[in-house]
Amino acid sequence: MCLAVPGKILAIEETKDSRVGRVEFGGIMRPVQLDFVPEAMVGDYVVTHVGFAISRVDPEEAERTFRILHEMGLLESEGLGSGSDSGEQDQAA
Amino acid sequence: MKYLDEYRDERIARALVADLHHRVARPWVLMEICGGQTHTLMRYGIDELVPKEITLVHGPGCPVCVTPLEIIDKAIRIASRPGVIFVSYGDMLRVPGSESDLLRVKAAGGDVRVVYSPMEALKIARANPQRQVVFFGIGFETTAPANAMAVWQARREGLRNFSMLASHVLVPPAIRLLLRSPQNRVQGFIAPGHVCTVMGYREYEALAQEFRVPFVVGGFEPIDLLEAISMLVAQLEEGRAEVENQYVRSVSREGNGPAQAIMQEVFEVCDRKWRGVGPIPESGLRLRPEFAAYDAEKVFDVASCSAEEPAECISAQVLQGLKKPVDCPAFGKRCTPESPLGAPMVSAEGACAAYYQYRRLAVVSQD
């Protein structure tokens with residue numbers, strides 16, 4: 001029920017009452033209310049729940065977190081991960 | 001899809017699992033609160049990948065599951081009235097009331113419609129001015145701002161034929177109840193990422209401090225959950241009880257200001273009964289008196305209505321992490337998603353339904 005997915009804003013239509021984005025989710029377009037993310041612009045990703053964007057994805061935070069995770073994954077596959085004594089290594093390599 | 005696929009990367013998942021094996025020294029019981037996270041854990045078999053020291057139990061975070069029986073009965077009574085268009089999120093249609101469900105009302109000729117967004121319910125109301133359109137407003141803090149916006153917009157437009165049957169629930173009071181229970185065995189929590197996207201996580205800091213229990217706000221992809229588990233285990237092994245945020249790409253400490261503002265304008269906190277759990281003080285949201293004209297319980301006079309839950313269902317213990325779905329003698333036999341005895345088997349995100357979908361064969365082969 002609390003499912004929410006990130007999609008990319010391709011266009012924004014503003015009326016006197018609301019701000020609605022055309023948002024792409026893996027090739028599918030949907031109208032999304034942008035009332036709760038006044039800072040969101042075309043090109044941003046927004047986390048969307050029941051037709052409303054509830055956050056703008058912070059690209060720097062996502063990038064930073066992901067880089068750390070990715071380095072862990074790479075180190076692991078090189079046999080340098082912290083779990084090299086755990087018995088998981090063979091499967092990962 | 002960006003911000004989804006990379007959080008399902010198998011190589012990173014393996015590295016995180018390896019790291020967790022390295023990190024864990026003692027046994028820990030962790031709870032993910034949100035049903036969406038339960039679903040991810042089961043779907044990707046994360047509960048079986050983590051070290052045996054870690055026990056994952058599943059929380060009460062499925063709003064479809066915990067919507068009280070009497071509210072379902074009220075929905076059925078309203079939807080059965082001639083002239084009413086009853087509009088709901090799809091998950092609610094199969095939830096059993098005392099004697100029927102909304103799908104059966106529809107089969108018997110009731111005008112029951114499924115929407116993806118509450119704004120679609122407004123559209124239906126605008127297009128059918130001669131009919132009463134009632135929207136079933138359920139959900140946690142994640143959903144409440146969207147539902148609030150629909151009511152707010154209806155009043156702004158002066159729509160006279162739109163109302164909401166509102167039964168919102170709030171996460172922190174349920175966690176407080178669980179932590180106060182002498183039977184509690186949960187030592188660390190994955191806090192619900194989308195609830196916290198809206199509300200922030202200051203309420204969880206108060207819980208962490210009061211009960212000396214760590215929380216990590218987690219996302220919904222397998223990498224998110226593995227990382228959240230790893231952060232929780234690190235806190236527990238080091239003797240810390242803080243609130244940390246794994247889901248930084250969506251969640252801030254303060255949450256979403258505009259979403260909180262509309263919630264507060266339209267709803268007020270009230271006591272709420274949770275299906276399978278019982279009454280929890282100050283754990284719900286209802287429409288403020290200023291919005292009484294949009295309150296379906298007042299418009300349709302269904303306010304007094306009570307119902308008893310089936311005795312055989314152990315959902316109270318499942319929803320509080322005291323038992324697993326497979327511990328129930330009725331699981332997969334007398335209780336299935338097609339014919340559920342209780343709340344957690346109803347919604348796809350209920351813990352029992354998640355076990356039924358992903359673990360049924362394993363359970364049957366053990367019998």
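Each chain gets a letter, A, B and so on, in the order its sequence line appears, and its residues count up from 1.
The two residues B:Ala146 and A:Val50 have their closest heavy-atom pair at CB-CG2, 3.5 Å. Contact between A:Pro6 and B:Lys2 at its shortest, heavy atoms only, is CG-O, 3.9 Å.
Contacts of B:Arg156 with chain A are made by side-chain atoms alone, with heavy-atom separations under 4.5 Å and no backbone atom involved. Looking at A:Val47, only its side chain comes within 4.5 Å of chain B, counting heavy atoms on both sides.
Residue B:Glu237 places its CD atom among more than 12 non-hydrogen atoms of other residues, nucleotides or ligands, all under 6.0 Å distant. Within 6.0 Å of the CZ atom in B:Arg43, the count of heavy atoms belonging to other residues, nucleotides or ligands does not exceed 12. More than 12 heavy-atom neighbours from other residues, nucleotides or ligands sit within 6.0 angstrom of CD on B:Glu53.
Shown here are the ring-ring contact (aromatic ring centres under 6.0 Å, His included) partners of B:Phe267, two or more places apart in sequence or in another chain: B:His168. Taking the side-chain hydrogen bond (donor to acceptor under 3.5 Å, both in side chains) definition, one finds that B:Glu238 meets it with B:Arg240, sequence neighbours left out.
Between the side chains of B:Thr197 and A:Ser55, no donor-acceptor pair of N or O atoms lies under 3.5 Å.
Along residues 135-144 of chain B, the residues that come nearer than 4.5 angstrom to chain A, judged on non-hydrogen atoms, are B:Ile138, B:Phe140, B:Thr142, B:Thr143 in order of number.
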Going by atom type alone, with no hydrogens or angles, which donor-acceptor pairs under 3.5 Å involve a side-chain atom of residues 24-40 of chain A and a protein atom two or more places apart or on another chain?
| unit_1 | atom_1 | unit_2 | atom_2 | d |
| --- | --- | --- | --- | --- |
| A:Glu24 | OE2 | A:Gly27 | N | 3.1 |
| A:Gln33 | NE2 | A:Asp35 | OD1 | 2.8 |

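The main-chain N or O of A:Ile54 is found under 3.5 Å from a side-chain atom of B:Asn256 such that the two form a donor-acceptor pair. Distance alone, capped at 3.5 Å, places no donor-acceptor pair between the B:Ser250 side chain and the A:Val57 backbone.
Taking B:Tyr247, B:Tyr116, B:Phe220 one by one and counting their heavy-atom pairs under 4.5 Å with chain A, the maximum is reached by B:Tyr116. Considering only heavy-atom pairs separated by less than 4.5 Å from chain A, the leading option among B:His39, B:Gln260, B:Met119, B:Gln37 is B:Met119.
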